[in-house]
Amino acid sequence: MWRWVRQQLGFDPPHQSDTRTIYIANRFPQNGLYTPQKFIDNRIISSKYTVWNFVPKNLFEQFRRVANFYFLIIFLVQLMIDTPTSPITSGLPLFFVITVTAIKQGYEDWLRHNSDNEVNGAPVYVVRSGGLVKTRSKNIRVGDIVRIAKDEIFPADLVLLSSDRLDGSCHVTTASLDGETNLKTHVAVPETAVLQTVASLDTLIAVIECQQPEADLYRFMGRMIITQQMEEIVRPLGPESLLLRGARLKNTKEIFGVAIYTGMETKMALNYKSKSQKRSAVEKSMNTFLIIYLIILISEAIISTILKYTWQAEEKWDEPWYNQKTEHQRNSSKILRFISDFLAFLVLYNFIIPISLYVTVEMQKFLGSFFIGWDLDLYHEESGQKAQVNTSDLNEELGQVEYVFTDKTGTLTENEMQFRECSINGIKYQEINGRLVSEGPTPDSSEGSLSYLNSLSHLNNLTHLTTSSSFRTSPENESELIKEHDLFFKAVSLCHTVQISNVQTDGIGDGPWQSNFAPSQLEYYASSPDEKALVEAAARIGIVFIGTSEETMEVKTLGKLERYKLLHILEFDSDRRRMSVIVQAPSGEKLLFAKGAESSILPKCVGGEIEKTRIHVDEFALKGLRTLCMAYKQLTSKEYEEIDRRLFEARTALQQREEKLADVFQFIEKDLILLGATAVEDRLQDRVRETIEALRMAGIKVWVLTGDKHETAVSVSLSCGHFHRTMNILELINQKSDGECAEQLRQLARRIKEDHVIQHGLVVDGTSLSLALREHEKLFMEVCRNCSAVLCCRMAPLQKAKVIRLIKISPEKPITLAVGDGANDVSMIQEAHVGIGIMGKEGRQAARNSDYAIARFKFLSKLLFVHGHFYYIRIATLVQYFFYKNVCFITPQFLYQFYCLFSQQTLYDSVYLTLYNICFTSLPILIYSLLEQHIDPHVLQSKPTLYRDISKNRQLSIKTFLYWTILGFSHAFIFFFGSYFLIGKDISLLGNGQMFGNWTFGTLVFTVMVITVTVKMALETHFWTWINHLVTWGSIIFYFIFSLFYGGILWPFLGSQNMYFVFIQLLSSGSAWFAIILMVVMCLFLDIVKKVFDRQLHPTNTEKAQLTETNSGIKCLDSMCCFSEGETACASVGRMLERVVGRCSPTHVSRSWSASDPFYTNDRSILTLSTMDSSTC
Amino acid sequence: MTWSATARGAHQPDNTAFTQQRLPAWQPLLSASIALPLFFCAGLAFIGLGLGLFYSSNGIKELEYDYTGNPGTGNCSACALADQDRAPPLRCSCSWYFSLPEFFPGPVYLYYELTNFYQNNRRYSVSRDDTQLSGLPSALRHPANECAPYQRRASGLPVAPCGAIANSLFNDSFSLWHQRQPGGPYVEVPLDRTGIAWWTDCHVKFRNPPLVNGSLALAFQGTAPPPNWPRPVYELSPDPNNTGFINQDFVVWMRTAALPTFRKLYARIRQGNYSTGLPRGAYLVNITYNYPVRAFGGHKLIVFSNISWMGGKNPFLGIAYLVVGSLCILMGFVMLVVYIRYQDQNDEDEDEE
C-alpha cells in the first residue's frame, strides 16, 4: 500500500529492471513462476487539472507567484487582526485576479481535455481471443496486438509484426513527431511477417524484451524471442521495427503490431515537455520595481509606526477623554500592539503594490499576441502559413533584440535544392536543360560529353538523333567515361533513402518534397532535400530510380530496368556525416556506395581523382553550392560475409549498440574509390539582403551559424549581404591546437585594433570555435564584439546553443534571438532569449520548439521593428503607469496619517479602495497596451534605426522609472494638499453653509485622482481609436455614475453608511468643481511642460519620425476628420490646408494607408539604403 | 500543443482594420505648436477665473473669537479653570462682547470651531453604529462592537446612541444678543437651529426608532444615554421633529471632520430683521461653557461668517488659479523662445543636410 502511494506520488520509479518483457497478446508462460510486470494504460494525459483538483491545484500554482502570495498574506492579516480596511478591499481584487487567471488556465486545460478525450476515445481494433475487437484507444494494454489501417495514426508505440505485404514492410510518416515528411520504411521480423491474418496471429507465441521507455525517437533496442515448434528463435529489434505513437501509416493497407509502450510512456509523450519558461527583460525589471516598491511600502509602514508611537507617548493624544480605549486595548501587550500596528499600516498602504499588474500584463500579452498571427504582412501566400505565436510571454522582447543568430540553410535560403554541377572523375560538368555539359579546360570532353547518355534516356527521340552525331570526339576514352559516369549516377541513384510514392491521394501529398516535374510521374520523398535533388538529377540524366520492392532497388538505366538487391544501408548520422549502401548488382557483384561531406569521404578514399575533385569541391563551395562526394568500393564475397556478420552482431547487440555499430561502419567505409562530387544550389530567400541590412541598421548584430562548409558559408554570406565585399574578413579556421588558436585570436584582436575604420567580418569554424571557447572565451568574445558580422560554419547543433549562451552571459547581457528552421536549430532556438522558427521544409520541429514561428526570414523585419517595437512601448508604458497610478493612489493615504495621529484612518471608502484598480483605472491602460501605435508602422519598418531608441530596455530604465515614481508622488501631493488647502481651516464649501466631513474630503481626493490618472493615460496615448475614446472617457463617466449610484442609496448589507450622499454633496459644491479642474490641470501641467520641452530640446529619433510623419498640425487635422468621416474627404481638406499654409513639401502630402497599399515605400527605402551602402563600400 | 495529430489548417488572416491594426485613429502630437496656444489660452482663462474667485472670496466676511478661556483672555477663563479634568464640568457660562463697525451682510452663519480635536482618529471615527442610528429597534438594544467602550454601561444597559462620537457630543450653547441703541437693552437675535445638517442625513440616514405608544421616550426604554450626556437622547430638544437621533446638532456632530481643526455649523441667522445681515452695533454672545478642550490642548472658537455660492472664506482657490494661470503664461513665453530658437536650428539642420 505504502509503495503504491509512493509510486503514485512519483517518489519511487515504477520500473526497477533495465528491460521490460512483453508477452505478445499477453500469453504468459504457463509454469506459473512468472509474475507479470505492470504497465500503465494507454491513456494520454496532457491536461493539468481534473474537475476535482482544479480549484486546489490551480490556486496552489497561482499563489506560488510572489505578488499573489503577498496579497494573500495581506488578506489573511486583514482577517486576523483589526485593520483599517475590511478584508474585502484586498480580498476582492485578489479574487478577481485569481479568477481571471483561473478562467484563462481552465479554458486552456479544457481544450487539452477535449483533445485528450478525442485521442483516448479514438476507436482501435485489437486482436483478442482470436478475433478483432473494436475498443477505445485508452484501453490498449502493453502486449495487445493492434490492427492499424491505412492512414491511421498509431495509438501506441508498436513493434511491427506483419503488414499486408509479403516482406512485412510498411511505410510511415512521422511528420507530426519530428516534422520529417519523408516516408520511412519499417520492417517486421520475417518470422512474424507471414502472420497476416488474425487467425494466424493467434498462434504466435513470442516474447519481446526491450529497454525501458526513453525519449529518444530514433533509438530502440530489443529482441523478439519466437517459439516455433518448440524452438526459440531470437531476432533483433531496432528502430526500423518500432512504429511510434503519433506517426501515420502510409501506402500500406493494414498492419499488425504489438503495443510495447503505452500512454505516457510512449516516445511521443516522453518528448512532450513543457517548454522552459523564458522571462523577458521587461518582466525582470518589473520584478525589480516590485521590490523597490515593497521597500517603499515597508519603510512607509515603519515610519508611520514609529511616528505613531512618538505621538502616542503623550496621553492627551493617545487617549483623550473623548476617545477612550477599552480595557482589552489597554491591557494588550505592547509588542503585540506594535506588530499589529505595523501590519495595519502595511495593509493600509498595500495597494502601492499594483495587484492587477500581473493579470493586466498577462491579458495584454495573451490578447496582444493575436495581432502577430493576424498580420497579413506576416502571412505567406504561397505556403498559406501565417505567423504563429507559441509563447505570448516574450512579445516585448522582440523589441529588445541585440543579437540575431540565424541558421543558413532553409532560413536565409529557400532550402529548395537544385542540382547544378558535378565533378566526375576529375572533370567538371554543369547541368544545362537536363544535360551535362563539361566546363573548364578539360581537353577530351570539351562539349556535351555526356549527351549520349542524356539523349538516350530522353523519350524524345529527336534530340537523341540530333545530338547523337556530335557526341564523341575522343573515342579512346569512351568506354571508360561511360563506366565512370554510369557508376557515378548509379551511386547517386542508389545511395540514398528516398522513397517513392505513386499514389497522389495520400495525405502526405502536401509534403513539400513533391517534385513538380517528376519524370514518368514519380514522386520522390526524402528526408533531406539534397538527396531528392540528386536523385531527380540522376533521373533527368537518364538513370531513373524507380523504387524499392522487397529489398531490391529498381533503376532504369537508359530505359533498361536493372535490379539491385539492397543488402545493407549504413544510415546517415551527423557524426560520420556520410551514408552508404551495400547492393548486389544484377551481375552478382557486391558494391558499396558511399555519399557524404567531402571531409568525411575524401580521407577514406584510396583511389580516384582525389586532388582534382578536392579543387572542384572548393570551387563549388565558393559559388555557394552545397557539395557531396560520392565514392564506391567493390566487395568480394568474403569481405561481404564478414561485413554481414559484424553488422548483424552489432545490430542485435542489446548493450552499447551504437558504439558497436559505429565501429562496424568505420570498418566498412574505408579504402573507397572516389567517383566524384555533386554540387547543389540552394536559392536565397526573398529579400534576405534587405532584411539583414535593416537588422544591422537597427543596431542588431547578425551572426550566421551554419553546419555548412566554410567556403559555401562565406559565399552565401556575401551574396546575402551578411558580409560586404569591402569588409575585412578575419578567419579563425582549421585551428588544431590550443596554443595556435590563442595566438591566432590575439593576432586578430591586434588587427582589429589597428584598423578600426573598416568593418570586420569574422569566420570561425566549429573545431576552432570549440578550441576558442574552451580556453580563450574572453579573448574570443572580445574579437567577436568588435566584428560587425560573424559567420560560424561547420557548427554542430549544440555548439550553436553554446555560442548563444556565451553571448548571453557576456558582461553586457545582450538579448539574443535565434532563427532557424531545422531540427538542428532547436537547441539554439531554445537557448536564445527569443527563438524564432521558420516554418520551412525541414519539418516543423523548429517551429514547434520556437517562441514564434514565421514562414520567411524577411518577416523578421516586421516582427521586430513593428510588432516588437509596439509591444515593447506598450508594455513599458503599462508597467510604468501601473506603478505610477498606485503611487498616486496610496500616497495621499500616507499623507493623511500625519493629520489623523497615525491612527490608520483610511482616506477613501473601502469600495473605492477595492474598485480603483479593478474598475476605474483598468480599462484605458489595457486598451492602450493593446492598440497603441506611437508611430505609423510603415515608418517604423522603413526606418530601422528607430529600433535603437528602445534598445537596452530604455523605457524601463531606472531613470524613467524614477521619473514616473516621482511624478506619481508629486501628483499625490497635489491631490492631497490641494484638497487640504481648499478646505483650509475647514471652511464650508457649500452654498448653504453646511460642512463636509472626512469622507467628502477623501472622495474629493479620489475624484481628482481618478480623473488625473485617466487623463495622464490619455496624454500618453498617441493613437486614438474609437475604442480608446470609449474607455478613456467611459472610465471617468463610469466613475461618476457609479459614485452617484453608490452614494445615492443606503446599502442594506453594508454596516456603515459613510458614503451616503457624500459624492452628490461634493458635486453640489462649486468650489469642489473648481478645485477638481485646478488640481487636474496642475498635475498635468508639469507633465505637459516636460513632454514639450523634451520634444523641442532633445527629440529622440522616434519623436522626429513622428513629426515628419504627421507633418505638424495638418496631419493632425487630417486624422481628426479621418476619425469622424471618410478618408478621401480629409485628404482633400489636408491638401487644401497645406496649400494655404504653404510650408509642406509635396512628399509630406498626407498618406492614407489603405488596405491595398503594400509595403513598397518601405521596400524602396530599404533598397535605396542598401544600394547606397554598397556603392559607398 | 494538442495530442491530436490533425494538421492545423492554415487560414489566411482576416483583412480587417482591427486585425491589421489599421483602425482609423486620431494621432495628436504634443508639440510646441499645439502646446503654445493651449498654454496661453489656459493661462488667460485661469487668471480670469482666479481673479473672479479671489474677489468673490474676499467679499466674504468672517468674525471669530477664541473663547477657550486661557488665562487672561476674556471672561471665559473662569469656566476654563473648572474644566481641568475630564469629568463633565459644572454649568458655567460666560459671554463675548463685540461690536460691528459696519453692516455684516447676510445670511450670517454661526459656526463653532474646535482645534486639536481628532475626529478623524480611526478608533474614534469607527466608534458608531449606523444601523442603530437608522432607528432599527434590534440595533438599538444591541449596539455594534465598534462602539466599545461606549457600547454598554456598567449596568449592562445598551448605550443609545453608542460610540465615542456620540458620547463626545459638543454641548456648549450660544445665544446672540444685539444692542440696538448704545446703552439700550440687548435683544436676542433669533438663531435658526435647523437646516444645519445635510437634508439627507436628518431625513433618511438618521431615523428615530418607531414610537412606542406615541412616545419617543418609551421607544428608548431599556437603553442608557452615553456616559457624558446629562440627559437622554430623546430630550435633546423639546421639538419632537428635532429630537432623538434626528436632532440636528447631533447629526452635525456625527459627520466626522476630515482634519483636527474643524468647524461645525451651529445656527443660521435668517429671521426677522436679521435676514439680510447683522446691522452695525454692539453684540453679546452668551456662552454656556460645558465642553472641556484644554485637556488635549484644544481651542474653542465661535465664528460668524457669511457665505457666497462657493462657500466660506478661502482665498486659496483664487490664488491657486492665479498662480497656475501665470505659470501657464510664463511657460508659454519660455516655450515660445525655445520654439523660435529651435525652429532656427531645425532650419539650419535641414540646410546642412
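Lettering follows sequence order; numbering is per chain, from 1.
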Can you tell which part of B/F296 gets under 4.5 Å to a heavy atom of chain A, answering side chain, backbone, both or neither?
both
Test of ring centre spacing under 6.0 Å for A/F1074 and B/F46:
no
Part of B/D14 lying under 4.5 Å from any heavy atom of chain A
backbone
Is the backbone N or O of B/G312 less than 3.5 Å from a side-chain atom of A/S988, with the two atoms forming a donor-acceptor pair by type?
no
Answer yes or no: is there a donor N or O on one side and an acceptor on the other, between the side chain of B/Q20 and the main chain of A/L376, under 3.5 Å?
yes
Please answer whether the main-chain N or O of B/Q21 pairs with a side-chain N or O of A/D375 as donor and acceptor at a distance below 3.5 Å.
no
Where on B/L53 is there a heavy atom nearer than 4.5 Å to chain A: the side chain, the backbone, both, or neither?
side chain
Does any non-hydrogen side-chain atom of B/D130 lie less than 4.5 Å from one of A/Y1060?
no
Please tell me if the side chains of A/W1026 and B/P24 come closer than 4.5 Å, counting only heavy atoms from C-beta onward.
no
Against chain B, label A/F902 side chain, backbone, both or neither, depending on which of its atoms sit under 4.5 Å from a heavy atom there.
neither
Sub-4.5 Å side-chain heavy-atom contact between B/L259 and A/D986:
no
Quick one: what part of A/Q329 sits under 4.5 Å from any heavy atom of chain B, side chain, backbone, both or neither?
side chain
Heavy-atom contact with chain B under 4.5 Å, split by part of A/V1062:
both
Pick one of side chain, backbone, both or neither for A/N1058, based on which atoms fall under 4.5 Å of a heavy atom in chain B.
both
Sorted by chain and number, sequence neighbours left out, ring-ring contact (aromatic ring centres under 6.0 Å, His included) with A/F1085 holds for B/F39
Parallel, tilted or perpendicular: which one describes the rings of A/H1029 and B/W26, with boundaries at 30° and 60°?
parallel
Distance-only, no hydrogens or angles: does the B/Y109 side chain make a donor-acceptor pair with backbone N or O of A/Q994 under 3.5 Å?
no
I want to check something: taking the side chain as every heavy atom from C-beta on, are A/I987 and B/E62 in contact at a cut-off of under 4.5 Å?
yes
If only atom types and distance count, is the side chain of A/Y896 paired as donor or acceptor with the main-chain N or O of B/A258 below 3.5 Å?
yes
Is B/L265 close to chain A through its backbone or its side chain, or both, or neither, when contacts mean heavy atoms under 4.5 Å?
both
Counting only non-hydrogen atoms closer than 4.5 Å, does A/L1050 touch chain B with its backbone (N, CA, C, O), its side chain (CB onward), both, or neither?
side chain
For the residue pair A/Q1057 and B/S134, confirm or rule out a side-chain donor-acceptor distance under 3.5 Å.
no
Segment of B/S308 engaging chain A (4.5 angstrom heavy-atom cut-off):
backbone
Chain B contact via A/T906 - side chain, backbone, both or neither, heavy atoms under 4.5 Å:
neither
Looking at every heavy atom in both A/T326 and B/P149, which two are closest together, and how far apart are they?
CG2-N, 3.4 Å
Within the 4.5 Å heavy-atom criterion, are B/Y321 and A/V1081 side-chain neighbours or not?
no
Is the closest side-chain heavy-atom distance between B/K205 and A/F1061 below 4.5 Å?
no
Are the aromatic rings of A/W321 and B/Y150 close, with centres under 6.0 Å apart?
no
Looking at side-chain heavy atoms only, is the closest gap between A/S903 and B/Y124 below 4.5 Å?
no
Does any backbone or side-chain atom of A/F370 lie under 4.5 Å from a heavy atom of chain B? Answer side chain, backbone, both or neither.
neither
Without swapping roles, check the side chain of B/W198 against the backbone of A/M995 for a donor-acceptor pair under 3.5 Å.
yes
What part of A/I1027 gets within 4.5 angstrom of chain B, counting heavy atoms only: side chain, backbone, both, or neither?
side chain
Can you tell me which portion of B/D129 sits under 4.5 Å from chain A's heavy atoms? Options are side chain, backbone, both or neither.
neither
